[in-house]
There are 2 protein chains.
Amino acid sequence: MDDHQEIRGPLATYLGRYGLDVSTAADAEGVRALLAQQCFDLIVLDVMLPGEDGLSLCRYIYEHLKIPVILLSAMAEPADRIAGLELGADDYVTKPFDPRELVARIKTVLRRLEGAAPAAPAAGNGGYSFDAWILDTSRRELRHCDGRTVELSPVEYRLLHVLVEHPNTVLNRERLLDLTTRDEATVFDRSIDTQVSRLRKKLGDDARRPRLLRTAWGDGYLLAAEVRRLPI
Amino acid sequence: MDDHQEIRGPLATYLGRYGLDVSTAADAEGVRALLAQQCFDLIVLDVMLPGEDGLSLCRYIYEHLKIPVILLSAMAEPADRIAGLELGADDYVTKPFDPRELVARIKTVLRRLEGAAPAAPAAGNGGYSFDAWILDTSRRELRHCDGRTVELSPVEYRLLHVLVEHPNTVLNRERLLDLTTRDEATVFDRSIDTQVSRLRKKLGDDARRPRLLRTAWGDGYLLAAEVRRLPI
DNA sequence: CCCTTTTGTCACAAGTTTTTCACACTTTGA
DNA sequence: TCAAAGTGTGAAAAACTTGTGACAAAAGGG
């Protein structure tokens with residue numbers, strides 16, 4: 001996750017040789033896209049990214065995902081390093097550096113984390129990520145991987161929650177209504193359509209050609225996405 | 001725990017000023033003596049000690065005591081740092097260094113540990129920090145990071161305390177009432193709304209678009225912030 | 001290709017829920 | 001006992017949600 005291909009490629013290869021499973025991205029947006037798709041144990045992040053600042057991304061990761069971050073930077077003053085560490089980074093390595101030292105520092109961070117492993121299950125159960133979205137079930141909000149959050153009404157939230165718990169599965173209207181409406185108020189089928197429409201709009205899904213919240217003609221709807229449960 | 005009195009003294013004083021409780025020792029034997037007497041959260045260790053090597057002491061501490069260690073050393077080659085980290089050190093700082101960076105690294109190591117550990121609940125009565133605020137539980141007051149303090153009424157204080165103990169979690173009115181009212185006086189739900197409104201005003205939160213004390217429509221309220229327990 | 005069925009969307013209104021306020025009642029401390 | 005601060009209450013206002021019906025668009029079947 002460095003901004004220079006010349007560094008990023010070889011570094012990834014090098015880390016891979018140490019038994020680490022590595023993915024790389026060119027900029028903050030790429031990192032967020034990766035984060036939405038899979039879980040990571042640790043993130044190595046260059047402070048100088050094109051576009052969004054590495055530091056702001058670091059803060060986001062610390063606050064929302066709790067994945068350890070090691071910051072990389074060229075010519076960092078002590079003040080820069082302090083700022084990075086106080087933002088939630090777990091280490092700060094200044095370029096140029098010996099790649100073996102980076103490996104050692106990665107392992108040190110991971111070692112500490114494993115040692116103190118049993119993460120408290122108490123505070124909320126994290127959430128789900130799918131496509132470029134994160135449904136944060138403890139905060140009850142929907143966040144895009146670019147950082148913006150989208151407000152969801154109670155029914156929209158419940159609807160998305162149901163969909164996300166049954167991804168790639170057709171859910172008929174009756175089922176969706178049962179799972180969505182709180183009291184057994186008799187509502188007619190079509191109200192779900194409206195809610196789907198509203199949700200699609202918030203997800204940026206085009207109804208003509210929906211990518212995520214697809215229509216199962218004559219049957220119901222389904223969320224077409226790979227959903228991951230997030231720890232936290 | 002540095003071998004030079006000229007450094008050790010001032011450094012201890014400096015660290016003390018950051019709210020850290022510090023003991024010092026001149027050599028490995030002194031460290032071992034201290035370790036036998038009391039518990040430490042973290043040890044800062046100079047590699048070049050008279051007598052027993054700092055590295056061997058570090059290994060001992062890692063293997064037997066599991067107390068985090070930050071190694072200090074003058075003119076360390078990457079190979080030295082790697083060796084130190086692989087021996088179980090949690091960080092390795094090369095002299096000369098900015099003392100503020102050392103403080104930042106100490107806090108980072110401690111934070112990493114706290115986050116993973118099951119966090120002792122009762123323990124300290126220090127306080128909590130969230131957003132730009134500090135809730136001082138020993139003084140029962142709310143301070144902004146710009147220095148000004150805000151007076152809280154008893155109920156406001158209890159409400160904020162509850163929220164701060166369950167951050168990023170939706171708490172319904174019933175729950176908030178249970179945790180907020182002292183005696184089981186039957187109070188109706190809506191009184192919480194009033195208190196929330198009053199608290200929001202003091203936190204400078206706009207009710208139209210609350211940033212911190214958010215409304216979970218149809219459910220309750222939640223504090224949307226990263227909360228940290230403060231030591232002291 | 002046309003007709004029927006199903007779905008998408010919109011504005012609107014009804015219904016809920018929340019916010020805020022003044023006021024009365026209670027507690028606290030001098 | 002009195003004043004001052006705190007707190008619950010009810011009501012009114014504001015904000016927001018959500019079902020509905022109408023109509024447009026799309027899909028499927030013959």
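Within every chain, numbering begins at 1; the chains are lettered A, B, ... in the order of the sequence lines, protein sequences first and strands thereafter.
Side-chain atoms of Arg158(B) come within 3.5 Å of backbone N or O of Thr180(B) as a donor-acceptor pair.
Rounded to whole Å, the distance from OH on Tyr157(B) to C1' on dG6(D) is 17 Å. The CH2 atom of Trp217(A) sits 8 Å away from the P atom of dG29(D) (whole-angstrom rounding). In this entry the distance linking CG of Asp189(A) with P of dG21(D) reads 13 Å, nearest Å. Taking atom CD1 of residue Ile192(A) and atom P of nucleotide dT17(D), one finds them 17 Å apart after rounding to whole Å. If you take CZ of Arg214(A) and C1' of dG8(C), they are 17 Å apart, rounded to a whole angstrom. If you take CZ of Arg173(A) and P of dG19(D), they are 14 Å apart, rounded to a whole angstrom. What separates CG of Leu152(B) from P of dA5(D) is a distance of 16 Å, to the nearest Å. A straight line from CG of Asn172(B) to C1' of dT17(C) spans 15 Å, rounded to a whole angstrom.
For Val155(B), the side-chain atoms get nearest to dT7(D) when compared with the rest of dT7(D), dT9(C), dC16(D). Listed nucleotides: dG6(D), dG8(C), dT20(D). Nearest to the side chain of Ser153(B): dG6(D). Of all nucleotides listed (dA14(D), dT18(C), dT7(D)), dA14(D) comes nearest to the side chain of Arg208(B). Checking dG19(D), dG6(D), dG10(D) against every side-chain atom of Gln195(A), the shortest atom distance belongs to dG19(D). With dT20(C), dG28(D), dT17(C) as the candidates, the nucleotide lying closest to the side chain of Ser197(B) is dT20(C).
Between Tyr18(A) and Tyr14(A), the angle of the ring planes lies from 30° to 60°, which puts this pair in the tilted group. Relative orientation of the Tyr157(A) and His161(A) rings is parallel, given thresholds of 30° and 60° on the angle between their planes.
Checked by distance alone, Arg198(A) brings a side-chain donor or acceptor within 3.5 Å of a matching partner on the base of dG19(D).
When the shell of 6.0 Å around CG of Asp206(A) is examined, it contains more than 12 heavy atoms from other residues, nucleotides or ligands.
Along DNA chain D, the nucleotide nearest Arg190(B) and the nucleotide nearest Glu151(B) are compared for position; the residue whose nucleotide lies closer to the 5' end is Glu151(B). Where Ser191(B) and Arg209(A) meet DNA chain D, the nucleotide closest to each residue was compared, and Ser191(B) sits on the side nearer the 5' end. Where Lys201(B) and Lys201(A) meet DNA chain C, the nucleotide closest to each residue was compared, and Lys201(A) sits on the side nearer the 5' end.
A donor-acceptor contact under 3.5 angstrom links the side chains of Glu52(A) and Ser56(A), judged on distance only.
Phosphate contact (OP1/OP2 of dT19(C), side-chain N/O of Arg200(B), threshold under 4.0 Å): present. For Thr215(A) and dG8(C), the shortest distance from a side-chain N or O to OP1 or OP2 is below 4.0 Å. At dG8(C), one or more side-chain N or O atoms of Tyr221(A) fall inside 4.0 Å of OP1 or OP2 (strictly under the cut-off).
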